[in-house]
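Proteins come first, then strands; the chains are lettered A, B, ... in the order of their sequence lines, and each starts at number 1.
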Number of protein chains: 2
Amino acid sequence: MAQKIAKTNISPDPAACVSDATLRGLVGYNIRRASTVIQGDLAATLKALDLRMITFTALVFIVDNPGLQQSHLADAMSIERPNLVVILDELERRDLITRDRVITDRRAYALRATLAGRRLYDEALKAVHSHEAALLGNLNDTERSQISDAMRLIASLRTKADKT
Amino acid sequence: MAQKIAKTNISPDPAACVSDATLRGLVGYNIRRASTVIQGDLAATLKALDLRMITFTALVFIVDNPGLQQSHLADAMSIERPNLVVILDELERRDLITRDRVITDRRAYALRATLAGRRLYDEALKAVHSHEAALLGNLNDTERSQISDAMRLIASLRTKADKT
DNA sequence: TATTGTTATACTCTATAACTATA
DNA sequence: TATAGTTATAGAGTATAACAATA
């Protein structure tokens, strides 16, 4: 027993000894790790409302931009049109949104949230905001704004990956 | 022609009119967008060296932690052991790393970078650092440090998604 | 001829169960 | 019995080609 404790003290957690010092010197590595933690936590929050990150995002865009077309939503979400179809199928099946033919262009659908959709939107946003408040409790409003500003600045940058 | 220009001026880019004001109020949304931009750009940088983000990350860990075992590397990279196998297979096939039996525990492999692996490590890190310098050119060292510090703080937080 | 939404499909990334060889 | 590495496989998420309806 004493021997076991001694052995444990020598190597309590080998994984913790793995150095990521080089990677921590990269801004991209640190942002990605933070993003992973927040997304994981956010996913757990939304799961209680039977929403995934991507269905939540689509719902928010539709509530905020009533009459939006699928192709424009796909652009805004930076996803391909075919992948949006199944997401909207799910939201429509749950009666959270409607797809109405556009009279001036019968190829397109105008997306609108139903009352149930707007209610879920309110509920989800409230949950996500409290979640962020809890997770980022150590940061004050100024610090949180600074982080968001810096992230928006970086998100607006483009170099090699720019395709357009 | 004049009519066409007029029409264009009315609606130059419908997608740009889609408001994401609500989502921009969420720190997680802003971090994820920044992360996507940086990862995309980083991927393009590493592609020139025939590396993906995940193979690059594994290589850096192995060079920095010689003798590392696969299970500890998987923990450090937050990926499952089976998924690491194919990554190491690729690095080993390209003679960038070796898998040596551990004499004290013949179940485990000690991972080490070859000379070629260390050379690619140097080359890749140089490329990634210049890439970040170019992408984040508008930010000075202090601002970049502040961002990294904030991201590391967030990455260290755990609430709902904490499984352990 | 070009565009909107759709289907089918493929490719990557990730997660789990079960096996082997060692401990 | 438990652990390290492996295999097979299933599930997300994402990307492309091709089609019907419409412009």
Residue that, paired with A/Tyr109, satisfies side-chain hydrogen bond (donor to acceptor under 3.5 Å, both in side chains) out of A/Arg101, A/Gln70, A/Glu92, A/Gln69: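 Answer to the side-chain hydrogen bond (donor to acceptor under 3.5 Å, both in side chains) test with A/Tyr109 among A/Arg101, A/Gln70, A/Glu92, A/Gln69: A/Arg101.
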So does [X] get a side-chain nitrogen or oxygen closer than 4.0 Å to the phosphate oxygens (OP1/OP2) of [N]?
{"X": "A/Gln70", "N": "C/dT6", "result": "yes"}
{"X": "B/Ser71", "N": "D/dT3", "result": "no"}
{"X": "A/Arg99", "N": "C/dT6", "result": "yes"}

Reported CD-to-CD1 distance for the pair A/Gln146 and B/Ile147, which is rounded to 0.5 angstrom: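 Nearest 0.5 Å value for the CD-CD1 distance: 10.5 Å.
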Rounding to a whole Å, what distance do you find between [X]:[atom1] and [N]:[atom2]?
{"X": "A/Arg101", "N": "C/dG5", "atom1": "CZ", "atom2": "C1'", "result": "8 Å"}
{"X": "A/Leu84", "N": "C/dT4", "atom1": "CG", "atom2": "P", "result": "13 Å"}
{"X": "A/Arg106", "N": "C/dT3", "atom1": "CZ", "atom2": "C1'", "result": "16 Å"}
{"X": "B/Tyr109", "N": "C/dT22", "atom1": "OH", "atom2": "P", "result": "9 Å"}
{"X": "B/His72", "N": "D/dA4", "atom1": "NE2", "atom2": "P", "result": "6 Å"}
{"X": "A/Gln69", "N": "D/dT22", "atom1": "CD", "atom2": "P", "result": "15 Å"}
{"X": "B/Asp100", "N": "D/dA4", "atom1": "CG", "atom2": "C1'", "result": "15 Å"}
{"X": "B/Asp105", "N": "D/dA2", "atom1": "CG", "atom2": "P", "result": "17 Å"}

Compare the minimum distances between each of D/dG5, D/dA23, C/dA23 and the side chain of A/Arg107, then state the nucleotide with the smallest one.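 In terms of side-chain proximity for A/Arg107, the closest of D/dG5, D/dA23, C/dA23 is D/dA23.
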Less than 4.0 angstrom from a charged side-chain N to a carboxylate O is my criterion; do A/Glu90 and A/Arg94 meet it?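 A/Arg94 and A/Glu90: salt-bridged.
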Please tell me whether A/Ser148 and B/Asn30 have a donor and an acceptor in their side chains that are separated by less than 3.5 angstrom.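 Side chains of A/Ser148 and B/Asn30: pair found under 3.5 Å.
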By nearest heavy atom, map A/Val102 and A/Ser78 onto DNA chain D; which one lands nearer the 5' end?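 Its nearest nucleotide being more 5', the pick is A/Ser78.
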Got more than 12 heavy atoms from elsewhere within 6.0 Å of CZ, B/Arg119?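 Not buried by this count: 12 neighbours or fewer within 6.0 Å.
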Would A/Leu96 and A/Leu49 show up in the same hydrophobic cluster when neighbours are defined by side-chain heavy atoms closer than 4.5 Å?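 Hydrophobic grouping puts A/Leu96 with A/Leu49.
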Check: protein-nucleotides 7-14 of chain D nitrogen or oxygen pairs below 3.5 Å:
from: D/dG13; atom 1: OP2; to: A/Arg52; atom 2: NH1; distance (Å): 2.5

Mind running side chain to side chain contact (heavy atoms under 4.5 Å, CB included) on B/Met151 and A/Met151 for me, showing each step along the way? CA-CA 10 Å; B/Met151 293 302 110; A/Met151 292 303 109; 3.7 Å; yes
